[in-house]
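Read the numbers this way: they start at 1 and go in the same order the structure lists the ligands and their atoms. Values below: every heavy atom of this structure, side chains too, minus hydrogens, waters and symmetry copies. For this chain, numbers begin at 1 and follow the sequence in order.
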Amino acid sequence: MKVTIVGAGAVGASCAEYIAIKNFASEVVLIDIKEDFAEGKAMDLMQTASLMGFDTKITGATNDYSKTANSDIAVITSGIPRKPGMTREELIGINADIVKSVSSSLIEHSPNVTLIVVSNPMDTMTYLVHKTTNLPKSKIIGMGGALDSARFKYRMSEALDCPASDVEGMVIGGHSDTGMVPLTRLATRNSVPVSAFLSEDRISQVAEDTKVGGATLTKMLGTSAWYAPGAAVSSLVQAIANDQKKMFPCSALLEGEYGLNDLCIGVPVILGKNGIEKIVEIELDEAEKAKLKESSEGVSKTNGLLDLSK
Ligand SMILES: NC(=O)C1=CN([C@@H]2O[C@H](COP(=O)(O)OP(=O)(O)OC[C@H]3O[C@@H](n4cnc5c(N)ncnc54)[C@H](O)[C@@H]3O)[C@@H](O)[C@H]2O)C=CC1
Ligand SMILES: O=C([O-])CC(=O)C(=O)O
């Protein structure tokens, strides 16, 4: 199993580290445009192999896509992150050109690759890859919901004063400060609805904290987060690599599902060796449907800023 990660920055390197520690891939190639940067990150990570007990071979390359040839899975983290006070949508100008050229170079050397798009604004970058490549829709996956759901479980575990592993929950919708739809009605602690333990106000607070999870960390760190993003990507990569058939909310191209069309947005999908093997349509109540619709309008508005004629 060969995995390429484009962008050896904070998220890309964290993702490579978690993939290596989980020890399921034979090879990880890191690519960056900064001279020697990916090579340096790869060497640093390889010097942890004997300490952490993994056999994954990590190499780095500066913009040389021949090194990525025949990758099974590629992750796109190249681009700029936001600074405090910015929205993810403000990154579109620079990141769209980067994502377009990177996805085309990847596919040139790995025509059967499954792509995981991370660069922001992620739902729109995922849509851009659909519009500008010939990959089947099952092989273009946007990562956002897996991270947002992990943050939702973290916030819920804080409210419940329990380990996050006791909590089940999912966030669908756009990966943006206002567009996320945390499904509080369906969240449970060991199968018991969280409403059995928490007031409506406390549950709403968890949902609001979840939605601004990325912005909160960006304010604290001066740039956006990387550990949980890297871990979330590594879980998607592992689900595909090990054909796990696990369900994650991912940004997928919708063609009528949830009453939505011609956009990529976070919905539950089954991930296996063929990428997105199924889009799962769960029953939403009227309020959730309305929030997802509103979220989709925000994503479509950002998609409208893309120049698809180039
Ligand atoms: N979807 C999600 O849930 C998340 C998305 N992000 C996004 O991921 C992206 C990366 O974030 P960080 O790793 O923190 O940024 P970073 O600045 O640490 O790393 C980005 C790397 O991309 C490289 N790069 C730029 N243009 C390139 C090109 N054409 N080819 C190859 N490499 C190139 C840069 O040299 C840099 O090393 C940002 O757009 C950020 O907003 C970050 C966290 C979560
Ligand atoms: O907040 C950001 O800009 C990066 C990101 O998508 C996240 O951490 O959720």
Requested in this report: Could you tell me whether ligand 1 has any atom less than 4.0 Å away from a heavy atom of W226?
Outcome: no

**Report entry** Heavy atom of T223, distance to ligand 1 below 4.0 Å
**Finding:**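 The answer is no: ligand 1 sits nowhere under 4.0 Å from a heavy atom of T223.
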
Closest protein heavy atom to [atom], given as residue, atom name and distance to 0.1 Å:
atom                    : value
atom 26 (N) of ligand 1 : I33 CD1, 3.5 Å
atom 6 (N) of ligand 1  : N120 ND2, 3.4 Å
atom 15 (O) of ligand 1 : P81 CG, 3.5 Å
atom 19 (O) of ligand 1 : G9 CA, 3.3 Å
atom 2 (C) of ligand 2  : R82 NE, 3.2 Å
atom 11 (O) of ligand 1 : V11 CG2, 3.8 Å
atom 8 (O) of ligand 2  : R151 NH2, 2.9 Å
atom 5 (C) of ligand 1  : V118 O, 3.0 Å
atom 20 (C) of ligand 1 : G79 O, 3.3 Å

Requested in this report: Check each heavy atom of A225 against ligand 1 and say whether those closer than 4.0 Å belong to the side chain, the backbone, both or neither.
Outcome: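 The answer is the backbone of A225.
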
**Report entry** Residue part near ligand 1, for S78, under 4.0 Å between non-hydrogen atoms
**Finding:** both

Query raised in the report: Is a salt bridge present between K293 and E297, judged by a nitrogen-to-oxygen distance below 4.0 Å?
Result: yes

Query raised in the report: Salt-bridged, K291 to E294, with N to O below 4.0 Å?
Result: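 The answer is no: the pair does not qualify as a salt bridge.
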
Query raised in the report: Purely on distance, is any nitrogen or oxygen of D148 under 3.5 Å from one on ligand 2?
Result: no

Query raised in the report: Counting heavy atoms only, which part of L217 comes closer than 4.0 Å to ligand 2: side chain, backbone, both or neither?
Result: neither

Query raised in the report: For ligand 2, is any non-hydrogen atom under 4.0 Å from H175's backbone (N, CA, C, O), its side chain (CB onward), both, or neither?
Result: side chain

Query raised in the report: Hey, which atoms in ligand 1 end up nearer than 4.0 Å to a heavy atom of H175?
Result: 1 (N), 2 (C), 3 (O)

**Report entry** ligand 1 N/O within reach of D32 N/O, cut-off under 3.5 Å
**Finding:**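 Yes.
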
